[in-house]
Participant: 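Below is one structure. I have some questions about it.
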Amino acid sequence: MKRSCKIAIALALILGSTQATQAAPKKSYRVGAAVYGLKAEFMQIWVGALKEHPAVKSGLVKLTVFDGNYDALTQNNQFDTMVTQKYDGAIFVPIDIQAGAEAVNKAFAAGIPVVGSNTRVNSDNLLSYIGSNDVIAGEMEAEAVIKGIGGKGNVVILEGPIGQSAQIERRKGNEQALAKNPNVKVVEMKTANWSRAEALSLMENWLTAHPGQINGIIGQNDEMALGAIAAVKAKGIDLKTMPTAGIDGVTDAILAVKRNEMVSILQDARAQAQGALDILLRKLVGPSYKPSSPIWAQYAKGMPWNDGQDKVYNVPWTPITLQNADALLKDRQK
Amino acid sequence: MSDPTPAPPAAAALVAAPPRIQVTRLLSRYGIIVVFLVLCVALTLANEFFLTWGNWANVLRQTSINGILAIGMTFVILCGGIDLSVGSLLAISGMVAGSLVTGIHAHNPVIAILAGVLTGTVLGSINGLLVARLSVPPFVATLGMLSVGRGLTFIYSDGMPIPNLSMGFRYIGQGDLLRIPMPVVMLLAVFGICYFVLTYTTYGRYVYAVGGSEKSAKTSGISTRLITFSVYMISGALAGLAGQILAARTTSALPQAGISYELDAIAAVVIGGTSLQQGGVGSLVGTLFGALIIGVINNGLDLMGVSSYYQQVIKGIIIVAAVLLDAFTRKRQQ
């Protein structure tokens, strides 16, 4: 009796599992995430968040991360690899908006859907794109500094590497905010190549060239803003008299926000990474797929799921404040 | 032998008039000083803030890191080699020290600094072993270390910067000793010691001898292997020290610190008249002024608000012109 019972259960299990395989033709999907490079904190957080996605943890997705090493050709080659190894789908963070298009087209021709994330790529063959609008961030940070200096005075702008899309768009945002405030003058504007050490030297020199005349600092990313802060501190200037802003929300910047030294705007790497995988899975699994990342609930208002069918998803920016700083830091500790 | 010791170059630059007795001798040996003075006069006329103590503190502070790297590089190039790994060694050394001076169990900064310098020394010794013992061409051995060192930095830090270095540690980057910034004190100390070693000790003569002709050095009974090994160790140790200053200056250990710093260090050495083609020709005084010229160009162009596009062009032209003028002066003196 017991034995037949066991057989029945085993049979039921086998039948059940075959039925399940029929409903979803594959048990797991091979997904490649091609990112432009893993040398900066932001992409580290992005990749870390992708690996934390419920679908990756449950084994539904077998994830491979490709480090593009900041080179368009390397990324292109990695797409060749994904095509020959018949990956089911790809998430793409390209280094170059134009050169990346070729890679997307190759994957498209091979029937591999590609979702863009974080940085744009100029291709119609992209299934969807999820990122944050840098123009808005540039405008938000400039407005924060302008407000901090009371709507009039002199500011300096630390720019990203000239020609990179984030630099171009953040500058556009900076300029939009400045255009609305004719009493704010830009006394200096120069690239520090996203680098803290370069921004430190540049700011030291500016403080000498314009003694007592600089009222606020707009850094197009946090690293540069932090470099400028180090220069201001070393000069013995009270940071409260020198409103400073950055973008991205790297850990060091959150700590600086807590010390009341700067304003930073969080670019949500987790939403960009996990959101991209959900959009991709919606395509791979089919209409039955429900997004499993908590980010869709978090941004239900600013970025509705819309069944994963939108061409562009704009992850809202979150200003870092004393209220949310601790929670963000706790999130990073994992 | 009974010559008075040369005036400290930084002081000479400030007074803008080298001691009388040595003027002609110095000029014949170091046409580069003329170039440096011409640049300083031009920048003084162009910008009212250039010749202020505050600005010179900036210039010297900004030159200190490249200056220390270039001093180590001079040993290597004098010996007929090259060290491409200094930027990477700088990063990993800063990272090792940074990890020791943060958190609840923060160590004494002196221990951390020693550990950082030791890291650079050990990795530099590996360069030395490869070149001296296993006859790997210096370019190849140190190119390998450039990559390995950077990779180790990312592995060690998981790609994240280490913020919040202890105040004691920051002192070597941000503090002053008798109104002189600490990085400058370190640069002058390193220069003084290395100048003495290269000029007045048997070891220093051996370095020149090995670089001039390894064969004749060997026949004269010099352990050429040991000398070759030692110069890479020195370069590694100084890269380690430079890493401490950079981390202290930016108040955090950054995994992407020092990328392509080897190029500026080599440029300083070459501007200073040390020959890349043939070993055994060159001097540390030249190197120091080479580093100062690069520092002064960067600072001056920042002060005058020259756009970064032009800045690169101007910097390149001045570097080549400096070497040309130096070669020209030497010829005439001969």
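Each chain gets a letter, A, B and so on, in the order the sequences are listed, and its residues count up from 1. Being a predicted model, the structure only gives us computed values, none of them experimental.
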Participant: Does Phe50(B) have any ring-ring contact (aromatic ring centres under 6.0 Å, His included) partners at least two apart in sequence or in another chain, and if so, which?
Facilitator: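 Testing Phe50(B) for ring-ring contact (aromatic ring centres under 6.0 Å, His included), a comparison that skips the adjacent residues, returns Trp56(B).
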Participant: Pro163(B), Pro255(B), Gly305(B): which one forms the most heavy-atom pairs within less than 4.5 Å of chain A?
Facilitator: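 Result: the option with the highest number of such pairs is Pro163(B).
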Participant: Can you tell which of Thr251(B), Val59(B), Leu246(B), Val306(B) has the highest number of heavy-atom pairs within less than 4.5 Å of chain A?
Facilitator: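 Maximum pair count with chain A is reached by Val306(B).
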Participant: Select, from Leu255(A), Ile229(A), Ile45(A), the one with the greatest count of heavy-atom pairs under 4.5 Å involving chain B.
Facilitator: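 That would be Leu255(A).
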Participant: For the residue pair Ala209(A) and Phe49(B), what are the closest heavy atoms and their distance?
Facilitator: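 Between these two residues, the closest heavy atoms are O-CE1, 3.1 Å.
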Participant: Could you give the distance from CG (Asp252(A)) to CD1 (Ile162(B)), rounded to the nearest 0.5 Å?
Facilitator: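 The CG atom of Asp252(A) sits 11.0 Å away from the CD1 atom of Ile162(B).
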Participant: Anything in residues 88-97 of chain B with a heavy-atom distance to chain A below 4.5 Å? Please list those residues in order.
Facilitator: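 Checking residues 88-97 of chain B against chain A gives no residue, so none.
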Participant: For Ile162(A), is it the side chain, the backbone, both, or neither that has a heavy atom closer than 4.5 Å to a heavy atom of chain B?
Facilitator: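 Contact with chain B is through the side chain of Ile162(A) alone.
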Participant: Quick one: which of Gln256(B), Met304(B), Arg249(B), Glu48(B) has the most heavy-atom pairs under 4.5 Å with chain A, could you say?
Facilitator: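 It is Arg249(B).
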Participant: Determine which residues belonging to residues 190-206 of chain A lie within contact range of chain B, meaning some heavy atom pair is under 4.5 Å apart, and list them by number or answer 'none'.
Facilitator: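 Residues Lys190(A), Thr191(A), Arg196(A), Ala197(A), Leu200(A), Ser201(A), Leu202(A), Glu204(A), Asn205(A), Trp206(A) are the ones that qualify, each having a heavy atom under 4.5 Å from chain B.
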Participant: Any side-chain heavy atom of Leu254(B) within less than 4.5 Å of one from Glu223(A)?
Facilitator: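 Yes, close enough: below the 4.5 Å cut-off.
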Participant: Please classify the contact between Asn47(B) and chain A as side chain, backbone, both or neither, with a heavy-atom cut-off of under 4.5 Å.
Facilitator: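 Neither part.
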Participant: If a pair satisfies side-chain hydrogen bond (donor to acceptor under 3.5 Å, both in side chains) and one of its residues is in residues 174-184 of chain B, list it, with sequence neighbours excluded.
Facilitator: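 Residue pairs with at least one partner in residues 174-184 of chain B: there are none.
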